Protein chains: 2
Amino acid sequence: MNEKYMTIALEMAKIGYKKGEVPIGAVVVKDGQVLSAEHNRTEELSDPTAHAEVLAIKKAAEKLGDFRLNGAQLYVTLEPCPMCAGAAMNARIEEIIFGAFDPFKGALGSVTNIYTFNFPNKPQIYSGVKEKECITLLKDFFKEKRK
Amino acid sequence: MNEKYMTIALEMAKIGYKKGEVPIGAVVVKDGQVLSAEHNRTEELSDPTAHAEVLAIKKAAEKLGDFRLNGAQLYVTLEPCPMCAGAAMNARIEEIIFGAFDPFKGALGSVTNIYTFNFPNKPQIYSGVKEKECITLLKDFFKEKRK
């Protein structure tokens, strides 16, 4: 785990923020190389699956020409929802490092932890990395939106 | 619920079978109109997120120009994995109708039922529709693959 990749995920989240997307960023790293860096694009693409994690996983797999990302890490600013936590298993991600917890949709400890069940290919989880920066960005976004 | 849409999902699964993909098909229907019909394409696209359900949800949302598919049904030949069960919530799918149960990755009753937890926008579930046809197709595929 290396905090510098969370900094990149945060930079991606900020780019999303400026475009009016919920500011969440994700980065896929393998062997110290950044394979992909994405932000949430559900509004831009009218795509309910276009979360930062899914987009980063897709792009990383495309780059490697293999849908199996064994040995890769997924850095993401917010605790993944069930879709993204599931996508990480399907992609054989080895470690997920997330920033803030999501009490509404978090599937790796908040609403439940789906990795406590007997699914195959479950990544290791690390949480709370740059948590304050990750959550502040989201709070600012929703505060501004409510105005 | 109308079995004719499961027949379309099965036809899609058979098209996938011929291409060497795990034969799973999915259809999104709204107001009696088929918005999308897809099969699993993980091999073809080198994309771990290219399950039939995710592809069908993406295409349906693209067609409507809205990532919210309120009032839509998702027909799928196999019980969704966590990623796909999660994508259906994110897309506000109203009902999921699936054929066969998946003891390995099924997230709507087999390994666990993630809709028993307090996530928002959970679809209603109907299972066992054309179950025998759905499971036979998968069994035949894996039997042939092992040869």
Side-chain angles (χ1 to χ4, degrees), chain A residues 21-22 28 40-51 53-70 72 74 80-93 102-122, chain B residues 21-22 28 40-51 53-70 72 74 80-93 102-122:
Chain A
E21 301 280 1
V22 179
V28 174
N40 184 40
R41 292 177 190 264
T42 49
E43 297 288 345
E44 173 194 347
L45 303 174
S46 297
D47 179 356
T49 74
H51 286 193
E53 301 95 310
V54 163
L55 296 175
I57 285 170
K58 279 167 69 87
K59 198 183 266 181
E62 198 185 328
K63 198 174 245 178
L64 295 181
D66 190 341
F67 73 78
R68 296 167 200 85
L69 297 171
N70 297 77
L74 172 67
C81 75
M83 175 181 75
C84 295
M89 290 193 280
N90 292 341
R92 274 77 157 169
I93 291 282
D102 181 355
F104 303 108
K105 292 172 73 180
L108 295 182
S110 292
V111 178
T112 186
N113 180 348
I114 66 167
Y115 293 174
T116 57
F117 302 104
N118 196 27
F119 292 110
N121 308 312
K122 291 175 287 187
Chain B
E21 301 280 1
V22 179
V28 174
N40 184 38
R41 292 177 190 264
T42 50
E43 297 288 346
E44 173 195 348
L45 303 175
S46 298
D47 179 356
T49 74
H51 286 193
E53 302 96 309
V54 162
L55 296 175
I57 285 170
K58 279 168 69 86
K59 199 184 265 184
E62 198 184 328
K63 198 174 245 178
L64 295 182
D66 190 343
F67 73 79
R68 296 166 200 88
L69 297 171
N70 298 76
L74 172 67
C81 74
M83 175 181 74
C84 294
M89 290 194 280
N90 292 342
R92 274 78 158 170
I93 291 282
D102 181 354
F104 303 106
K105 289 172 72 177
L108 296 182
S110 292
V111 178
T112 187
N113 181 348
I114 67 166
Y115 293 175
T116 57
F117 302 104
N118 195 27
F119 292 111
N121 308 311
K122 290 176 287 189

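In the text below, chain A, chain B and the rest are named by the order of the sequence lines, each starting its count at 1. Computed from a predicted structure; not experimentally measured.
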Next on the checklist: With side chain to side chain contact (heavy atoms under 4.5 Å, CB included) as the criterion, how do A:Ile114 and B:Ile114 come out once you've worked through the C-alpha distance, each side chain's angles and the decisive distance to 0.1 Å?
Outcome noted: CA-CA 8 Å; A:Ile114 66 167; B:Ile114 67 166; 4.0 Å; yes

Donor-acceptor contacts, no H, no angles, side chain residues 84-91 of chain B, under 3.5 Å, sequence neighbours left out:
from    : atom 1 : to       : atom 2 : distance (Å)
B:Asn90 : OD1    : A:Lys105 : NZ     : 2.9

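Residue contact with chain A, scored on non-hydrogen atoms closer than 4.5 Å, involves the backbone and the side chain of B:Asp47 alike. The parts of B:Thr42 that come within reach of chain A are both its backbone and its side chain, each placing non-hydrogen atoms under 4.5 angstrom from that chain. Within the 4.5 angstrom heavy-atom criterion, no atom of B:Ala50 approaches chain A. Only the side chain of A:Arg68 comes within contact range of chain B, judged by heavy atoms closer than 4.5 Å.
For the pair A:Thr49/B:Thr49, no side-chain contact is recorded, criterion being any heavy-atom separation below 4.5 Å from C-beta on.
Taking chain A as the reference chain and counting heavy-atom pairs below 4.5 Å, the highest number among B:Ser46, B:Gly106, B:Ala60 is found for B:Ser46. The residue among B:Pro80, B:Gly65, B:Ser110 with the most heavy atom pairs within less than 4.5 Å of chain A is B:Gly65.
A search for side chain to side chain contact (heavy atoms under 4.5 Å, CB included) contacts involving B:Val111 returns A:Phe117, A:Asn118, A:Phe119, not counting sequence neighbours.
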